[in-house]
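These values consider heavy atoms only, across backbone and side chains, with no hydrogens, waters or symmetry-generated copies. All chains are named by letter (A, B, ...) in the order of the sequence lines, taking the proteins before the strands, and each is independently numbered beginning at 1.
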Amino acid sequence: MTTLITKTITKICIPLVILFSISLLLAGHNNPGGGFIGGVMFASVISLTYVVFGLKYIKSFFNPSWDKWFGFGLLLSSLTAFGAIVYGYNFFRSSIKFVEIPLYGEIELVSAALFDIGVYFVVIGTLLYIFKNVGEDE
Amino acid sequence: MNIQEHLPILLVATPILMSALMIMLRSRPTFQKTLNIIVSASLLLMSIILLLQVWNSGIQVYEVGEWGKYGIMLVADLLGSGMVVLSSGISLLALIYSLDYIEGKSLNTTYHSLFNLLVAGLNGTFLTGDIFNMFVFFEILLLSSCGLVVASENGGVTKISDKMEATFKYLILNIIGSMLMLVAVASLYATVGTLNMADLSVKISALSDAGTLPWHIYFIALLFLIVFGNKAAIFPLHYWLPDVHPTAPSPISAMLSGVMIKVGAYGILRVYFLVFKDALFLLQPIIILLALITIAIGAIAAVGQKDVKRLLAYSSVSQIGYVFLGIGMGTAYALTASLVYLVNHAIAKSMLFLTSGGIIHHAGTRDMHQMGGMVKSAPLMSSMFLIGAMSIAGLPPLGGFIAKFVLFDAAMLGEYYLPLLIGFAFAVFTIFYMFRAWLLMFWGETRDSDKYGPYSSHGLSPMITVPIIILAAAVLILGVYSEPLIALSSEIANQLLDPQPYINAVLGGSVR
Amino acid sequence: MDSFTAIILAIFLPFAAAIFIPLLEKFLKHRIGWFAAGIAFLSFALIGIVAPEIIHGHIIQHSIEWMPSIGAEFSIYADGLAMMIGFIASGIGVIIISYSNGYMSHKEDLPRYYQYLLLFMGSMIGMVFAGNTLQLFIFWELTSITSFMLIGYWRGKPASIYGATKSLLLTAGGGLFMLAGFILLHTITGSYDIATILQNPAIIENIKAHPFFLITLILILIGAAAKSAQGPFYIWLPNAMEAPTPVSAFLHSATMVKAGIYLVARVHPIFSGTEAWFILVSGIGIFTMLLAGFLAFRQTDIKAILAYSTISQLAYMMTMYGYTSYHEPGLGVAAATFHLLNHATFKACLFLVAGIVAHEAATRDIRKLGGLRKDMPITFIIASIAALAMAGIPPLNGFLSKEMFYETSVEMGHIIGGPFTFLIPAAAVLGGVFTFAYSIKLIDGIFLGEKHHDHLPEHIHEPPYTMLIPAAFLAGLVILFGLVPSIPIHNIIEPTTAGIILEEVHLHVKLWHGLTPAFFMTLITFIAGLGIYTRYDKIAAWQDRFNARYPRISVNYYYDRIVDGAKGSAKGFANFTQPGNVKTYIYAILLLMVILFAIPAFMMATQVFPANLNFDIPLYEALIMTLMVSAAIAAATLHRYLAAVIALSTVGYLVSLVFIYLKAPDLALTQVLVETLSTIIFLLVIAKIPQTFKEKIPKTTLARDIVISSAVAATVLVLLLNATQGIVSPFESLSYYFLENSVPLAGGHNIVNVILVDFRGYDTLGEISVLCLAALGVYNLIHSRGEGE
Amino acid sequence: MNNITVIQDILSNFFFFAGMFFVFLGMLGLYRLPDVYNRLHATTKIGTLGAFGVMMGIVIKLGFGPMGIKAITVGLFLLLTAPVAAHMISRAAHRHGVGLCEESTVDDYGKTYCLINSSCPVKHEETIEDEHDQM
Amino acid sequence: MNTLNLLDIALVFMVLSIIPCIHRIIKGPTIPDRVIAVDALATVIVVMLGVYSFVQESVFFMDVALVLSIIAFVGTVTISKYLDEGVVF
Amino acid sequence: MNNTILSITIALIFGIGTFLMLRRDIVKVIIGLSLISHAVNLLIVSTGVFDGEKAPIISNGHHDSSSGIIFTDKLSDGIFAPIVPSGMEVHFVDPLVQALVLTAIVISLATTAFILILAYRIHEEYGTTDIRKLRRLRG
Amino acid sequence: MKRYVLYSIALGFVWCFVHGVVSLSNFLIGAMIGPFLIRPFKELYSLGEEISYREKLNRIPKQIHYFSILIVEIVKASIVVAKIVLQPKIDIRPGIIAVPIRAKTDVGITAIANTITLTPGTLTIDVSDDRTALYVHCIDIDNAKEIRDSIKDDLEEYVLEAFE
Ligand code: NA
Ligand code: NA
């Protein structure tokens, strides 16, 4: 087992890194980042908790089926791409909308962002699925 | 929306979507199975419609994301859509077969997703018009096949350690191939500034015409020979095949031997005759040489096998050599022959692998020396294997005969006498090893039941027999009446030799 | 019904019937054989319908479109030759199938038996009426395959399997050579159509003048010889005797083995009249005739004697078809054709008798048989008629055709002149002598002499009529054709000969010709034959000693050596080429890469290195690169996994540093992330793999590996130096488009990301599929324990 | 250019160079100091300070714009995690038997730890200090 | 002092700092030494990224720096635990 | 960056990776593969066609600030590539190769993960990491 | 519940910082999504335990004070080590000593441990199993007693004030 020092710092890191990963995901279209990078950040912080607290312990209260995560991600990404067909365009045709949000200001909604979110989930799901499967394996 | 316009992308994206859905549907196996069969069947239907569309109204181009050549384009010409029909057909049958053949747990967890992605990989490769995209789909093919090879089968005749070993070799060798493909693609981009194959074709031709084609383009072309040769398992890149194809579960062996190795041949046809047609003079002798060695090595090694699936695998090596022989000769007729050969081998070999699955199911072993006299206990498997064996051996009235005949005829007309001679000599080998296998398994003394345990008494379910019978019927029909296939192949050959319509279809309307 | 339809029906009726036999067997039980016989008779009758037209000199030709893309048609070419063999196939078919009803036990797998018999018959008829060479080949191979199936009818017996395999390899393999010959013929003439070739003297002239003439002829003859068990290919026929006796009678004496002879006759107009033709065809014939005649002696199994005899008799025909010379086109053709017909009658009859004997006496060993004349007198008479016909005793049909053989041999000897004037007739006589001797031996051994009661059952009866009548019918034909030769001559032999030599012929065959050379040769034959027969046992014993001492003087010895050797050495070969060590395989790829690089590099040696390489290298770049390479070397040389993995991830971090330097923030990000994750996966794995193995690299291996790695590195370097010279003018990169349009069209400022999710989002879809695949694959890997044998 | 910018410039440049110099010193310490533990002193203290200094330089120069904010984040994060990383490494090293250098005088940890935890996995030096790892 | 000079100086400093890291990674002598060295290397790269970001006036490299500092921490903790306990999770 | 030195480095790493791939220890082989994939990634980036000095992220301006040239590269007009307005200067490095490398990196991560787990399972089945012992499948 | 609010506020700031723009809207976003992110990990965060806002608020100035002391100490520490590094011949007497601590909570122990690491010449290696002592590596151990005292008197005080 690791020490309480590490555990304490890890506790601080968890929300920080997850927030950062979301930030990277959303910033991706205009800044470095995007689904893959955000997803890996997320996965790495979960893997950090696995390392620091032990996989068994974490599983006792936090045990999502990661396969569903990457399944969902792939579904979301491909559905986004399919969406264009429904609207009469070619597969993967992107669309951009600018929406005014009170308090925040104008934000840009791109279909590609939805796709990137799918990527995000795929990355998280696959990496953690692999980690969990191998980690559990005796 | 006009769904027909979207057929090319639907053929690729639907299986990807399905794969995702199958992961989400893990808890509902029956629904999974039914849905997957329905989807596979509709993919087959779609592919046939696409082929007819292409046949009737010319090459179809689909701009993914509507970015023209700056994005990725799918191009359905006769070759691509024809290959898609072939792969969709075989994969539908392999899938039906799998439902009874693959062990339940494996089937309900990962199998459907992996299988769908394999199909997506195949269709994607056959339809893409972008060389880097082809790399991506090659990777999909590679990893999906690896995942499927280690899937468990009912009865489990193959040791898991053998599967691992085979997969490891397969993976290592193919990763090297992938790396070289990346090197080649990147160098190509650095030299002519595009990834679209039609665009590449135009530019390389223009350079060649102007006499400013840099020499390393030739080396890049040769690198692609390694890339595609690796997929197709031609000498000396064939080593993984005799290990992987036998250890995979039989429906997957059928997919691998039936369709996957054809991806290599497809790649050569597509890339060489479209992009590197100016380097063909250099490539063709090399291809012929390698093809002949491949034919010989596969045939000789097949004679010495006692594992039925390993024998079939070596036979695939040898047979793909014949396909490459046609490609190497490069005349319209030879290409036709090569394509006819490819289709016939695909159907017959996948049928043989499916049959071998039934046989193994029945006998409980892959070792032919431990089988014998099974003609009485498994008459259907006996006749099915015989049909496949005869077709591979090139005996009439089966498809394989037409294929060999056309190929030899092409070799003769092209005055490739030495290749012809070698091809003929090993055709006799083929008869020998295929019939030897059949005799060992089905004739002779019935196996001593004390020593090895009895043959499985329960019959094979229709899920297993029906796909085999359908393929056998196809083999027979191709032997008796091959005209549509030959006509299609010769049209494909013409398209390959004159890529201008392809280029026009891709670039002509490319304005945004 | 028009003739074309009749022939089509004659061909395909047996096929159709064969398909329905398993179904009908449910109702007809063992009577299914009579149904099959009925089908055979229908085919016979259908040929009979078209016979008058052919006998009147008309050739029935008709084609329908089949596979136009490769120039394949389905066509019928029915001339006298086709008609004769068609009659034999269907006629003997009726007789044999009827006989089978008595011969085959009801416990046998009857549907399969009759199915194959009908399939064979259909194929045989299809072959003879084939209007083009492609079609001929298809049916030809079908006969090989059905023959294979019938030889192996008793599938459990090793001898059956051996015989079946041998026949298949030789006949079907030979067929492939024939196909090659046909393809060559097509190359020369541009046609597969038999009629087109035969009816165009210009084309035939062209063939004869063509450089491929000889090779084409040889290829086609290989097919013919293999099928007719001629030359070294004879070895399959004796082993084919493992088939049920009716099958031997039908396929391996009367019909299928005649296919080779048919082929020789069919291509006769194309190739005959040349020296090559005579030397090859007659040469094979004479050699085989003598060899097989001689070998027939030492056989003790009556079916084996008949088999060798068949080989020898077929060789007669071969020899005669080869005789045709410039001076005398068609010489020997009529004689050969007549002998073909006669042989079909008496040899089939003898086989049926052999079947009867085996059936009743439960043995085929001539040493155990004897004195059966009292127990089965009718069979004795039938057998004697057939055997005497084979021996060439007048007034039976065998006498007539053998007389013709002698005559033509003498003529041929004269035509060639020199020592051949005597040698050719002498060879013919020697063949006749052997034939005479073993024919007598056959009758003597089975029916005459004392009955060996210790080997034979007490009561031996005549067989049932279903077996006796077919044999008797054939014996009747033997006598009929001998006494009234004009019936076969005018109705069959003349049209057939016309079909072969492509001109009208009129033959006069009589029992008594006067004191011709042939008469004296016949006399010599009888006397010498009797002489040999009296020393029969001694000769056979000498042969056995000879074989025991020189086992290598035997084609079978080499066949077995080749087949067994092929299996053995193939295993060794596979072990050699596929040694299982993955390093070998990797070597192969790398070597191929280097060789493929060398080819264009040597061809265009002057351009290999780009002219303007930039050697203006900033110090820190050089330093970073040096460090990176050092880390890589550390990864390669550190022994402990963990140390090597750390070195590897160092390389990764430095790569990301380079990415930063190359202004690629996304890449740098991804690189560090991926690097760390791979390190974690490495750790996961090496945590489970204790590091016990330490490779000690031998010096030679080290040197070899370094050489190959350096070669690969050099290859990559040269390619890269060339590739990074920039885009060849006048082209520009696609990237301009992305730079210019990311913001306005895709609404993203990070162009790399826009390319990933938009311009080339399809790639990314594939990429995430790959990730999913890895996860699914890992699941399969982990959850697949303890499987397999 | 007004005074404030000049001061900003000077300050930020000072921080830059001081930071980089400290980083360099830290790495020099990594090179020169004996044993793992002493090297850790160098990297965690001087290295982290150097990095923090450079980040401060950015903040001073650019203010609390996105880059400044991120620079602060990076600096703080390093400050937060560097000691933990040092702790983890040194703990692992010690528990796995990486001895202190010759000059060391006292090792309370080694004694106590082994007294408390009889099952401790210490003292198989060969597993971690492997002569094969020498280049 | 213009920004270009700053970059050059920074590059020199960084390269000089990386050399000892690589030395430790290669020479060890123990695994923890190597782990420290990699961690230190990450710090150096973070600093480098800061400078680069400043010079290029682009915030992007700062993102990389943050990611790198986080991920380097994760990596170090993971390796340390592995070293200590012989398991990862 | 200087192309020559980069190319040499890439080639050297490629060669070292190749050397490692020829080793007998399965983990070493995989390390070799990873090295090669590093080399290949660098190679792809090095084939980028512009020598710009900025990361390909357009930082200035709003979404409608850039005009967006509509390229007319119709084959029928004999034009094979985007027409670059004369005097257009590319300040950015080539974004396309970066995107390609990203894809390649991710794919090689997936492959490496798979092959590593495979190595673990092989060790479990065969009890060794020596790939010469992986010779059950031969002949 | 109170903890949620607290975390929410903290994560609002964290979001602003990782996002690079400190603004009200960003803060609100972070504050809104933050708690959802740690919800699954509630086991780790003892979200149920009650706390008082005022106490937390009172600590803020002390924490700021602590950080300023810390920075100064780090600079001192760096200079100390830098001197050692730059010595022509390195002359040190390192060693590991046990340092008893008074802090009880996880945060407190962590803070003191990290502080020790970042201050001159010392580096925390481990916490004793009974959480009463830290094992500290000192680069120059000539006066172990003095080191113990300085930790106890100077650093620990601030830490206890700020975090316990
Ligand atoms: Na991105
Ligand atoms: Na990506």
Side-chain angles (χ1 to χ4, degrees), chain A residues 28-29 34-36 39 63-97 109-134 136-138, chain B residues 1-28 32 39 46 60-68 70-74 76 108-114 116-117 120 123-124 127-128 130 133 140 143-144 147 150 509-510 512:
Chain A
H29 217 48
F36 180 79
N63 191 19
S65 7
W66 296 118
D67 53 336
K68 293 279 193 295
W69 283 52
F70 68 75
F72 170 75
L74 191 56
L75 200 61
L76 182 63
S77 291
S78 39
L79 280 178
T80 309
F82 264 109
I85 295 187
V86 178
Y87 285 102
Y89 297 108
N90 270 9
F91 186 79
F92 238 117
R93 158 86 185 223
S94 62
S95 69
I96 318 167
K97 284 215 163 52
L109 289 182
V110 286
S111 59
L114 213 55
F115 176 78
D116 230 10
I117 292 172
V119 175
Y120 182 72
F121 277 96
V122 168
V123 172
I124 295 171
T126 48
L127 290 174
L128 291 173
Y129 191 65
I130 292 173
F131 287 170
K132 203 180 107 183
N133 269 295
V134 181
E136 285 174 343
D137 192 53
E138 292 308 320
Chain B
M1 70 182 168
N2 180 9
I3 202 74
Q4 291 202 342
E5 281 174 19
H6 299 291
L7 280 180
I9 193 68
L10 286 178
L11 282 163
V12 188
T14 316
I16 294 182
L17 186 73
M18 279 306 126
S19 158
L21 211 56
M22 293 298 161
I23 300 169
M24 307 301 280
L25 288 175
R26 269 193 192 180
S27 49
R28 305 180 60 190
Q32 242 184 338
V39 169
M46 287 196 281
Q60 287 217 347
V61 173
Y62 191 89
E63 302 179 359
V64 179
E66 302 184 11
W67 298 114
Y70 303 104
I72 294 165
M73 283 172 136
L74 301 190
N108 296 335
T109 48
T110 54
Y111 191 80
H112 290 287
S113 305
L114 287 167
N116 267 307
L117 283 178
N123 291 354
L127 290 175
T128 189
D130 187 283
N133 191 244
I140 293 183
L143 274 185
S144 57
V150 293
S510 168
R512 250 192 77 104

To the nearest 0.5 Å, what is the distance between [atom1] on [X] and [atom2] on [Y]?
X     : Y     : atom1 : atom2 : result
B:I9  : A:F82 : CD1   : CZ    : 7.5 Å
A:L79 : B:I16 : CG    : CD1   : 12.0 Å
B:M22 : A:L74 : CE    : CG    : 12.5 Å
B:M18 : A:L75 : CE    : CG    : 8.5 Å
A:F70 : B:S19 : CZ    : OG    : 8.5 Å

*Provide the closest heavy-atom pair for B:A20 versus A:G71 in the form atom of the first, atom of the second, distance.*
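In terms of heavy atoms, the two residues are closest at CB-O, 3.5 Å.
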_Minimum heavy-atom distance A:F72-B:M24, with the two atoms named_ =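 Nearest heavy atoms, A:F72 then B:M24: N-SD, 3.4 Å.
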*List in chain and number order the residues that pass salt bridge (charged side-chain N to carboxylate O under 4.0 Å, His left out) with A:E136, two or more places apart in sequence or in another chain; answer none if no residue qualifies.*
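Only A:K59 meet the salt bridge (charged side-chain N to carboxylate O under 4.0 Å, His left out) criterion with A:E136.
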*For B:M46, which residues count as a side-chain contact (heavy atoms from CB on, under 4.5 Å) partner, sequence neighbours excluded?*
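Testing B:M46 for side-chain contact (heavy atoms from CB on, under 4.5 Å), a comparison that skips the adjacent residues, returns B:L7, B:L10, B:L11, B:T14, B:L43.
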_With a 4.5 angstrom heavy-atom cut-off, is it the side chain or the backbone of A:L76 that approaches chain B, or both, or neither?_
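The answer is neither part of A:L76.
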*Counting N and O atoms only, with roles assigned by atom type, does the side chain of B:Y62 sit under 3.5 Å from a partner on the main chain of A:F91, one being a donor and the other an acceptor?*
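Side chain of B:Y62 to backbone of A:F91, a donor-acceptor pair under 3.5 Å: yes, one is there.
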_I'd like to know if the side chain of B:E66 and the backbone of A:R93 have a donor-acceptor N/O pair within less than 3.5 Å._
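It does not hold such a pair.
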*Full working for side-chain contact (heavy atoms from CB on, under 4.5 Å) between A:N90 and B:V64*: CA-CA 6 Å; A:N90 270 9; B:V64 179; over 6 Å; no
*Yes or no on side-chain contact (heavy atoms from CB on, under 4.5 Å) for B:W67 and A:S94, after CA distance, side-chain angles and deciding distance?*
CA-CA 10 Å; B:W67 298 114; A:S94 62; 3.9 Å; yes
*Side chain to side chain, B:I23 and A:K68, heavy atoms closer than 4.5 Å*: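 Answer no - side chains too far apart.
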